[in-house]
Undergrad: 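After the structure tokens below, expect a handful of questions from me.
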Amino acid sequence: MAKRRGARGPTRSNVISGVIGGALLMIGLLWLGSMLLAQHGGAPQFSFPGFNMPTTVPETQLTPLLVEGIVLGHSDQTPSLNQKQAVLLAGELEPDAATKAKSVTAKYVLLTYTNPGTAGAHPNLTNVPVWMVWYQQIPLLPADAGVDPTPFPHSYHDLYVFLDANNGKEVLSVWS
């Protein structure tokens, strides 16, 4: 067979470009995989120099809290207070809610709060470890129809009490 004129094999620069391109493709795929794992609760197994993976994974967000500027995050740290202590402390702070709520849920979360209102009412908070004690379906007292004939849109409301996970002090509370 006759060799074609001008046809050459791959040059050194083509081989180097292919190796570099393949390595970059693998790094990109590994990064994408780690982002997907982090989003779904898994921890990434590696990081790149100068690139820090987020240490918190978002919790399921609750609409009434989002409206108030509150975002919840997940933490793998162990709180100083346990769940039972948090519920007890919140019940002491809000005895009516504790006794009248149809259900009570307590969850250890990271609290990020951006104060939408006046400065100084509550400071902005970023990834503060707290216990969120959620009192659900607290009955509303019926209004006196003679004073206010407007009916309530709901017959109940919820209360979210956020306690510092280290010392049990109330950080924030929100009615919805």
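Fair warning: this is a prediction, and the values are worked out from it, not measured in the lab. Both backbone and side-chain heavy atoms feed into the values below; hydrogens, waters and symmetry mates do not.
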Undergrad: Where do Y160 and M132 come nearest, in terms of heavy atoms and distance?
TA: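 So the minimum-distance heavy-atom pair works out to CD2-SD, 4.1 Å.
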Undergrad: Checking the side chain of Q85 only, and the main-chain atoms of N82 only, is there a donor and an acceptor separated by less than 3.5 Å?
TA: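 Yes: the side chain of Q85 pairs with the backbone of N82.
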Undergrad: For a side chain to side chain contact (heavy atoms under 4.5 Å, CB included) with L163, tell me which candidate from L89, V87, L172 qualifies.
TA: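 Of L89, V87, L172, side chain to side chain contact (heavy atoms under 4.5 Å, CB included) with L163 is met by L89 alone.
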Undergrad: Taking side chain to side chain donor-acceptor pair (under 3.5 Å) as the definition, give me every residue that meets it alongside T105, ordered by chain and number, with sequence neighbours left out.
TA: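 So T105 forms a side chain to side chain donor-acceptor pair (under 3.5 Å) with Q136.
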Undergrad: Just jot down the side chain to side chain contact (heavy atoms under 4.5 Å, CB included) partners of N167, sequence neighbours excluded, or say none.
TA: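 So N167 forms a side chain to side chain contact (heavy atoms under 4.5 Å, CB included) with D164, K169.
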Undergrad: Could you grab the distance from atom CD of Q137 to atom NE2 of H157, nearest 0.5 Å is fine?
TA: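 The NE2 atom of H157 is 11.0 Å from CD of Q137, to the nearest 0.5 Å.
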Undergrad: Can you sort out the partners of L125 under side chain to side chain contact (heavy atoms under 4.5 Å, CB included), two or more places apart, ordered by chain and number?
TA: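 For L125 the side chain to side chain contact (heavy atoms under 4.5 Å, CB included) partners, ignoring immediate neighbours, are L111, Y113, P123, V128, V171.
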Undergrad: Roughly how far, to the nearest 0.5 Å, is the OG1 atom of T112 from the CD1 atom of I70?
TA: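 So the CD1 of I70 and the OG1 of T112 are separated by 10.0 Å.
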Undergrad: Do you know the tightest heavy-atom contact between A86 and V133?
TA: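 Scanning both residues completely, I find the closest heavy atoms to be O-CG2, 4.0 Å.
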Undergrad: Under the rule for side chain to side chain donor-acceptor pair (under 3.5 Å), what residues qualify as partners of S17, not counting sequence neighbours?
TA: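 Partners of S17 by the side chain to side chain donor-acceptor pair (under 3.5 Å) criterion come out as none, since no residue qualifies.
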Undergrad: Does E170 have any side chain to side chain donor-acceptor pair (under 3.5 Å) partners at least two apart in sequence or in another chain, and if so, which?
TA: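 Partners of E170 by the side chain to side chain donor-acceptor pair (under 3.5 Å) criterion, ordered by chain and then number, come out as S173.
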Undergrad: Who pairs with D158 by side chain to side chain donor-acceptor pair (under 3.5 Å), at least two apart in sequence or on another chain?
TA: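 Listed in chain order: W134.
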Undergrad: Evaluate V109 against H74 for side-chain contact (heavy atoms from CB on, under 4.5 Å), listing each step before the verdict.
TA: CA-CA 5 Å; V109 296; H74 173 76; over 6 Å; no
Undergrad: Look at atom CD of Q77 and say whether more than 12 heavy atoms of other residues, nucleotides or ligands are closer to it than 6.0 Å.
TA: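 Atom CD in Q77 is not crowded, with 12 or fewer foreign heavy atoms closer than 6.0 Å.
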Undergrad: Using the test side chain to side chain contact (heavy atoms under 4.5 Å, CB included), find all partners of P129 that sit at least two apart in sequence or belong to another chain.
TA: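 In terms of side chain to side chain contact (heavy atoms under 4.5 Å, CB included), with neighbours along the sequence ignored, P129 is linked to Y108, L110, A165, N166.
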Undergrad: I'd like to check the side chain to side chain contact (heavy atoms under 4.5 Å, CB included) partners of A101; sequence neighbours left out, ordered by chain and number.
TA: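 Residues passing side chain to side chain contact (heavy atoms under 4.5 Å, CB included) with A101: V104, Y135, I138.
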Undergrad: Which residues, ordered by chain and number, are linked to L24 in its hydrophobic cluster, where ILVMFWY side chains connect at heavy-atom gaps below 4.5 Å, directly or through other members?
TA: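 Result for L24 is I16, I20.
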Undergrad: Which heavy atom in P139 sits nearest to a heavy atom in K100, and how many Å separate them?
TA: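 The answer is CD-O, 3.3 Å.
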Undergrad: To the nearest 0.5 Å, how far apart are CD in E94 and OG1 in T99?
TA: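 If I round to the nearest 0.5 Å, the distance is 10.5 Å.
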